[in-house]
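Numbered from 1 within each chain, the chains take letters A, B, ... in sequence-line order. Since the structure is predicted, the reported quantities are computational estimates derived from the model, not experimental observations.
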There are 2 protein chains.
Amino acid sequence: MQERRSNQNRRQETRRALIKAARALFLEKGYAATGTPEVVARAGLTRGALYHHFKDKQALFLAVVEAEAAQIAAEIEAGSADAQTPLAALNDGARAYFAAMRAPGRIRLMLLEGPATLSPETMRRIDLETGGRELRLGIAEALGGAATVGRVDALADLVSAMFDRAALAIEGGADAPLYEATVRDLLAALVGPAPGTR
Amino acid sequence: MQERRSNQNRRQETRRALIKAARALFLEKGYAATGTPEVVARAGLTRGALYHHFKDKQALFLAVVEAEAAQIAAEIEAGSADAQTPLAALNDGARAYFAAMRAPGRIRLMLLEGPATLSPETMRRIDLETGGRELRLGIAEALGGAATVGRVDALADLVSAMFDRAALAIEGGADAPLYEATVRDLLAALVGPAPGTR
DNA sequence: TTGCATACATACAGCCTGTATGTTAATTCA
DNA sequence: TGAATTAACATACAGGCTGTATGTATGCAA
């Protein structure tokens, strides 16, 4: 009664099982507190399989973070698809981002351990490959082409930092509506110092 | 030929030696890559001494981070002491902060591993106990009492996040003048949407 | 000076990571 | 089709690190 599986399928399934198990544990206990023996036990495999598919524990962590980033990006896109104006899209995106970041463990994974363990550059790359473009485009559009590319990038980076900090503060028990409103106001002030936003 | 030292002095000196050695290694190689054997070797002590003075490796790390925060706060205060207006003080403070963060390893220590290893709440507490008040006061003053306390806190937090991200980006090779200018403009827009800043 | 507490040093147990080696199943190729 | 090769794992091992338990000497207090 042996299951007959192609190597390709086998490989794919094993990788997924490892990433899934690791994701659950990294979200629950964090990177350092999660041992590879625990991961493979949960996946019903052995450490041999893990180190066959991933160079080291960090590579597994990277795979988990990339998958999570894609998931978060999808949630944000779903939440900001039908906005009328660029500013509205930014606001909807911000709301969706905060909602997505409420998932347990995500903040530690994506905002704390990710940068510390993988490097900010890696996180930035992942962000740009997944959801970060949206923000950059939104800001560029909202600024109406009145800014250089470099400036848009810098602004998007700084705004993204504010989003992250707001999410962090909210998880830490801060006044969520206050932070979200403050972010909204900053966005409005930043993007269009013209209309009567105040 | 025995040195005759009081227990109080002995204790103080040992603690300092441990923190100094740990600081050097944490700055150079990071928290996870630094082992306690290496720390005590550098300090000319043994692990027994370390675990006598600190509950665990994290407690030593906390001591290092607190000391470093105090040092950074001092550098910032020295660099922004003689500003004329609140906005000028904020700008000088920002400049001094960026300068302070250029010290090798500081960004990893204070912005990456600190939050990840100790928790953002702890880092926030340390920040408020050392340099963070300055920023809050500066923003409150610049806003001219037109905002609630909670709002000032949130704003200060978000602005501080921008500072951090800018420092991070600059260390990562980003265009430093561009980032610093963008931060300055954001500060100006935030504080006084009145003057002809553009 | 006698007894206790403090400041360390030494020794040990447990865990974890990464690698080396072994085994089985799939794929390739003659 | 069947032998050889390689991929996909499992098992076993070495080294290092953390935290604790235990031992020792020195300061301190009565």
N or O in side chain of B:Thr36 less than 4.0 angstrom from D:dG19 OP1/OP2: no
Nearest-Å distance for atom pair NE2/C1', residues A:His53 and C:dG18: 17 Å
Between A:Arg165 and B:Ser160, a side-chain donor and acceptor under 3.5 Å: yes
side-chain N/O B:Arg10 vs C:dA7 OP1/OP2, d < 4.0 Å: no
Integer-rounded Å distance: C:dT24 P and A:Arg5 CZ: 17 Å
Rounded distance in Å - OH (B:Tyr31) to P (D:dC17): 14 Å
ring-ring contact (aromatic ring centres under 6.0 Å, His included) against A:Tyr31, all qualifying residues, sequence neighbours excluded: A:Phe26, A:Phe61
Of the listed nucleotides C:dT17, D:dC9, D:dT18, the one nearest the side chain of A:Pro37: C:dT17
Whole-Å gap separating C1' (D:dT20) and CG (B:Leu50): 13 Å
A:Thr14 side-chain N/O to D:dA8 phosphate OP1/OP2 under 4.0 Å: no
Between CG on residue B:Leu25 and OG1 on residue B:Thr36, distance to nearest 0.5 Å: 11.0 Å
Result of checking A:Arg106, A:Arg108, A:Lys20 against A:Glu68 for salt bridge (Lys or Arg N to Asp or Glu O under 4.0 Å): A:Arg106
Whole-Å gap separating P (C:dC8) and CZ (B:Arg11): 8 Å
Per A:Thr46 side chain, nearest of listed nucleotides D:dC28, D:dC9, C:dA7: D:dC9
Euclidean distance, atom CG of residue B:Asn9 to atom P of D:dG27 [Å, nearest integer]: 12 Å
Contact under 4.0 Å: B:His52 side-chain N or O vs C:dC8 OP1/OP2: no
Atom pair distance, as rounded to whole Å: CZ in A:Phe54 and P in D:dC9: 11 Å
Touch class at under 4.0 angstrom, heavy-atom based, for B:Arg47 against every strand present: base
Among D:dT20, D:dC28, C:dA9, the nucleotide that comes nearest once only the side chain of B:Leu45 is considered: C:dA9
d(CD, B:Gln8; P, D:dT26) in whole Å: 20 Å
B:Glu129 vs B:Arg125, salt bridge (Lys or Arg N to Asp or Glu O under 4.0 Å): CA-CA, chis, key distance, verdict: CA-CA 6 Å; B:Glu129 283 172 2; B:Arg125 191 210 80 213; 3.3 Å; yes
Per A:Ala49 side chain, nearest of listed nucleotides C:dG18, D:dG19, D:dA10: D:dA10
